[in-house]
Amino acid sequence: MSQTDPKSFNSLAIEARDNVVFIVRLNRPSKRNALDVATVEELVRFFSHAQQEGVKAVVLAGEGDHFCAGLDLVEHWKEDRSPDQFMHVCLRWHEAFNKMEYGGAPVIAAQQGAVVGGGLELASAAHIRVIDQSTYFALPEGQRGIFTGGGATIRVSDMIGKSRMIDMILTGRVYQGQDAVDLGLAQFITEGSSFDMALELADKAAQNLPLTNYAICSAISHLNNMSGMDAAYAEAVVAGIVNTQPAARERLEAFANKTAARVRPNS
Ligand code: 1HE
């Protein structure tokens with residue numbers, strides 16, 4: 001059975017479009033898409049198999065007015081977890097988010113409303129982040145008496161710098177609009193719907209060859225974890241495989257024959 005079959009998901013609402021762009025929505029709008037254990041397990045399953053099962057790009061979105069309210073605080077409170085139980089919860093979050101970032105299928109996050117706590121950790125594992133006028137970011141962990149556990153110390157620090165990430169969690173500061181883009185929390189802001197813009201980007205990315213997208217959406221992250229010398233070597237190895245793939249020959253030939261589109265400035 002396919003592991004990405006939309007019908008087999010409950011906490012996620014998944015739609016497969018004709019061009020193999022998948023729309024993956026967190027589907028707990030009445031809980032503001034808070035991440036409970038069941039949702040994280042479905043994220044692990046989907047993103048562990050997406051690239052191998054032919055998914056060409058993913059729009060990751062949230063049902064309702066908010067992208068994601070982070071950790072399901074009510075589940076966490078009710079479960080009254082031990083330290084080692086919560087460590088394992090966090091390890092499943094890391095599994096899900098690492099499969100997103102390193103899995104090889106482009107993931108475009110379409111964000112509206114609250115992107116807070118673990119919701120920002122989830123978004124930060126996407127390859128491109130789009131926001132609209134309603135989107136706002138925060139790390140309320142400080143106020144809740146807890147700490148980040150889904151990779152914010154790594155990915156959010158990477159996006160905005162360690163000092164600004166520390167300020168966000170210490171003070172509960174909220175960022176939105178162009179300020180959020182200037183800071184690096186998102187790449188694009190639209191006057192319209194973040195979903196429409198994300199879908200447009202996903203459609204574009206899906207036109208690339210899958211092996212090329214695999215390198216872009218897996219190798220770049222791996223290479224960034226390496227020393228410069230090792231990264232240069234590994235980049236050459238990846239390019240050796242990707243740049244000689246048979247499927248690329250047609251595109252290279254079209255360039256040589258002058259039938260391929262040229263790169264032009266925006267009009
Ligand atoms: C939730 C959650 C949640 C809403 N866990 N149930 N995250 C936070 O600290 C953010 C907490 N949430 C909020 O600040 C607000 O809910 C929102 C700004 C996201 C939305 O506000 P609003 O007025 O639209 O909704 P609401 O009335 O606050 O909540 C509606 C319902 O969603 C309500 O449930 P109901 O059954 O009473 O209707 C809320 O309980 C529920 N809900 N957010 C559980 N987060 C790996 S470590 C990661 C650490 C973190 O992520 S810390 C950040 C946690």
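The first residue of the sequence shown is numbered 1, and numbering continues consecutively from there. Just so you know, ligand 1 is whichever comes first in the structure, and atom 1 is the first atom listed for that ligand.
Close contacts between ligand 1 and Glu121 involve ligand atoms 48 (C) [criterion: under 4.0 Å to a heavy atom]. Here is the list of ligand 1 atoms found below 4.0 Å of a heavy atom in Arg144: 8 (C), 9 (O), 10 (C), 11 (C), 14 (O). Atoms of ligand 1 lying under 4.0 Å from any heavy atom of Gly149, numbered from 1 in the order shown and given with element: 46 (C), 47 (S). Each of the following atoms of ligand 1 lies closer than 4.0 Å to a heavy atom of Pro140: 8 (C), 9 (O), 53 (C). Taking every non-hydrogen atom of Tyr136 and a distance limit under 4.0 Å, the qualifying atoms of ligand 1 come out as 18 (C). Close approach of ligand 1 to Val116 (heavy-atom distance below 4.0 Å) involves ligand atoms 10 (C). Atom numbering of ligand 1 starts at 1 in the shown order; those under 4.0 Å from a heavy atom of Val74 are 6 (N), 44 (C).
Of all the heavy atoms of Phe67, none lies under 4.0 Å from any atom of ligand 1, so neither backbone nor side chain is involved.
The distance from atom CZ of Arg32 to atom CG of Leu26, rounded to the nearest 0.5 Å, is 14.0 Å.
Note on Glu121 versus Arg155: no salt bridge recorded, every NZ/NE/NH1/NH2 to OD/OE distance being 4.0 Å or above.
A cation-pi arrangement is found for Arg262 relative to Phe255, the charged atom lying closer than 6.0 Å to the ring centre and inside a 45° cone about the ring normal. Geometric assessment of Arg164 against the ring of Tyr175 yields a negative cation-pi assignment under the 6.0 Å and 45° thresholds. The cationic group of Arg25 does not satisfy the cation-pi geometry with Phe67, failing either the under 6.0 Å distance to the six-membered ring centre or the 45° limit from the ring axis.
Comparing heavy-atom distances from atom 54 (C) of ligand 1 across Gly117, Ala69, Gly113 singles out Ala69 as nearest.
Any N or O atom pair closer than 3.5 Å counts here, and Leu71 shares at least one such pair with ligand 1. For the pair Thr148 and ligand 1, the shortest N or O to N or O distance does not fall below 3.5 Å.
Residue, atom and distance of the protein heavy atom nearest to atom 24 (O) of ligand 1 are Arg32 NE, 2.8 Å.
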